[in-house]
Every structure is written in structure tokens, then in C-alpha cells.
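One structure is given here, and the rest of the page talks about it.
Side chains included, hydrogens not; waters and symmetry mates left out as well; all remaining heavy atoms used. Throughout, numbering of the chain's residues begins at 1 and tracks the sequence.
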Amino acid sequence: MALSGGNEDDVNSNPAFAGGSPLQFALREMRIRLGRPGFWAGLAAVTLVLALSGPFETARLLSFPQLLLYWFMIGASTVAVALFTAAMVQNWTDRRGYPQNLAVLAGGVVAGLPVTLVVLAISDLFFNFSMSELREIPIWTLYCTLISVAGTFLFRLMAKPHPAAAPIAGPSETPRATPRAAPFLRRITKPIGADIISLNAQDHYIEVVTASGRELVLARLGDAERELEGIAGMRVHRSWWVAKRHVASIESTGGRMVLRLANGAEVPVSRQLQKQVREFFS
């Protein structure tokens with residue numbers, strides 16, 4: 001997978017990245033973050049600093065060109081592995097309602113082991129470990145896990161372009177306003193029209209589904225909800241907003257409620273909102 005040439009438009013136009021599974025979310029996160037020129041510029045700078053300083057006795061064991069190659073391989077591969085693993089874990093925990101900081105912590109901790117294995121594999125190529133050195137793997141794992149946790153929190157902090165989302169609000173409906181009046185529509189860049197069916201929050205992105213297509217938008221659902229003035233709809237779940245005109249039916253089974261949309265999608269409804277949802281969409 002070529003990561004260096006990706007961008008957000010590429011991701012938006014690729015249906016494989018527009019779904020909501022943890023795997024698809026992780027691949028999308030990797031491609032977006034590792035496809036930014038700033039990432040590679042930063043990695044090059046860090047590689048140069050580490051090659052010049054030669055920490056952990058690497059300067060004594062390797063030539064300068066080898067140092068550049070070693071630290072570049074370590075940096076690029078560990079960041080990619082950590083991003084992928086942490087994104088998988090964070091998406092899984094986010095979907096189950098865990099606090100964001102706990103989700104980030106869990107992602108960093110779980111990423112520690114694969115990052116350690118990558119570091120060991122690359123280091124063995126350059127230094128050919130002995131059995132005595134392999135006994136230090138627990139220490140390597142601890143260091144790599146701490147670095148992974150710090151890195152995931154840093155990436156999370158850098159990825160927050162908006163304030164925290166507001167609490168779930170009630171339904172909004174302005175019969176005389178046209179959809180084009182909704183400020184949120186200015187965020188849409190692809191030619192998918194203004195007939196919004198649903199919004200699905202995926203971490204700090206929103207998947208916007210319209211009658212003509214879909215697009216990923218960098219925004220928070222709370223901000224989007226406030227900008228949807230003029231479109232009859234309701235936030236029915238912490239991760240979902242649904243347009244009223246596109247709800248085909250309301251289905252309840254064993255205390256669980258879902259909205260079946262006109263495009264065939266099923267949207268979960270929060271238990272505390274079931275009565276309000278039934279009144280609004282009936």
C-alpha cells in the first residue's frame with residue numbers, strides 16, 4: 001500500500017475506505033496521516049537528529065549512512081504499525097461508548113507489542129542479536145509501549161480541529177427553510193448533492209451520506225448538528241444523525257430500536273431517546 005502519495009480526497013473517493021469497520025477505519029487513518037507531507041518532513045528531521053546523535057550505542061556500531069537507514073526504517077515502520085493498531089482499538093472502544101482518553105490509552109498499550117516486534121526485527125537485521133540481548137525484550141516492550149501511548153495521545157491532540165461536541169440535542173425542523181440554507185453543506189466538497197440521508201461520526205470524521213453519494217468530512221457531529229438548521233432531522237445516537245424524510249420504518253426487538261432508512265441502512269437508536277425518536281419519526 002503506497003502511503004506517501006495519499007490524501008483525504010483519495011480516501012473519500014475510495015469506497016473501500018468509506019465503511020465503518022475498525023479495519024476500514026484503521027486503513028483510512030493510516031493513509032490520511034501518513035500521506036501528509038508534513039509527516040514525512042518531520043520523520044526526515046527526526047531521522048537526521050537520531051543519526052547524528054547515535055543513541056543506544058548505534059553510532060559506535062553503524063556508519064552514518066547505515067544510521068540514516070536504520071532510524072528511518074525504525075521511525076516509518078513503528079509509526080505505521082502503531083497508527084494502525086491504535087486506530088483499530090480506538091475505533092472498537094469508541095463504538096462501545098468508552099471515554100476517549102481511555103480509548104487512546106488502550107490503543108497505545110495494545111500497539112506496544114507489535115511496535116516492539118518491529119523494532120526487534122529491524123534491529124536484528126543491523127546488529128544480529130545474541131541470546132543474552134534477547135533477555136532484554138521485556139525492557140524493550142516497556143519502552144516501546146510508553147512511546148506508543150505518548151504517540152497516540154499526541155496524534156489525538158493534533159487531530160482535534162474543533163471543540164468538543166455538544167450533548168445530544170432534540171430534533172430540529174424548520175419547514176420553510178430549504179436544505180441549501182444549512183451551513184453544514186458548505187463542508188461538502190464532492191458533487192453528492194444536498195439531500196442528506198444520515199451523518200455517522202467516526203472518531204474526528206463524519207461520513208455524510210446523501211441520495212447521490214457519500215463523503216468523509218473532518219468535523220464533529222455536535223458541530224454538524226448545530227449547522228443542520230433547515231433540515232428536518234434528529235440525532236438518534238451518540239454517533240448518528242438522521243434526516244426525517246429518509247426514515248422508512250422504525251423497528252424494535254428486545255428493547256433495541258433501529259431506524260431503517262430509505263437506502264437500506266440500519267441506524268441504532270440510543271435507549272434514552274427511543275420515545276422521542278418514535279414520536280418524531282412516526
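Partners of Ser148 according to the side chain to side chain contact (heavy atoms under 4.5 Å, CB included) rule, which considers only residues two or more places apart in sequence or in another chain, are Ala111, Val115. The side-chain hydrogen bond (donor to acceptor under 3.5 Å, both in side chains) test applied to Thr253 returns no partner, not counting sequence neighbours. Residues satisfying the ring-ring contact (aromatic ring centres under 6.0 Å, His included) criterion with Phe64, sequence neighbours excluded, are absent altogether. Scanning for side chain to side chain contact (heavy atoms under 4.5 Å, CB included) contacts around Pro55 gives Leu50, Ser53, Thr58, Trp71, with sequence neighbours left out. Shown here are the side-chain hydrogen bond (donor to acceptor under 3.5 Å, both in side chains) partners of Arg256, two or more places apart in sequence or in another chain: there are none. Among residues two or more places apart in sequence or in another chain, the ring-ring contact (aromatic ring centres under 6.0 Å, His included) test is passed with Tyr70 by Phe126, Phe127. Annotation: side-chain hydrogen bond (donor to acceptor under 3.5 Å, both in side chains) contacts of Gln274 (sequence neighbours excluded): none. Among residues two or more places apart in sequence or in another chain, the side chain to side chain contact (heavy atoms under 4.5 Å, CB included) test is passed with Val110 by Thr85, Val89.
Counting only residues at least two apart or on different chains, the salt bridge (charged side-chain N to carboxylate O under 4.0 Å, His left out) pairs with a member in residues 50-73 are Glu57-Arg60. Residue pairs meeting the salt bridge (charged side-chain N to carboxylate O under 4.0 Å, His left out) criterion with at least one member in residues 62-71, sequence neighbours excluded, do not occur. Sequence neighbours left out, not one pair with a member in residues 144-153 passes salt bridge (charged side-chain N to carboxylate O under 4.0 Å, His left out). Within the structure, salt bridge (charged side-chain N to carboxylate O under 4.0 Å, His left out) contacts touching residues 264-282 (residues at least two apart or in different chains) are Arg260-Glu266.
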Review point. Can you list the steps and then say if Arg220 with Asp223 is a salt bridge (charged side-chain N to carboxylate O under 4.0 Å, His left out)?
Key: CA-CA 5 Å; Arg220 291 187 177 276; Asp223 297 329; 5.6 Å; no

Exercise for review: Let me see the working for Ile188 and Leu185 under side-chain contact (heavy atoms from CB on, under 4.5 Å), right down to the final yes or no.
Suggested key: CA-CA 5 Å; Ile188 299 176; Leu185 295 174; 3.9 Å; yes

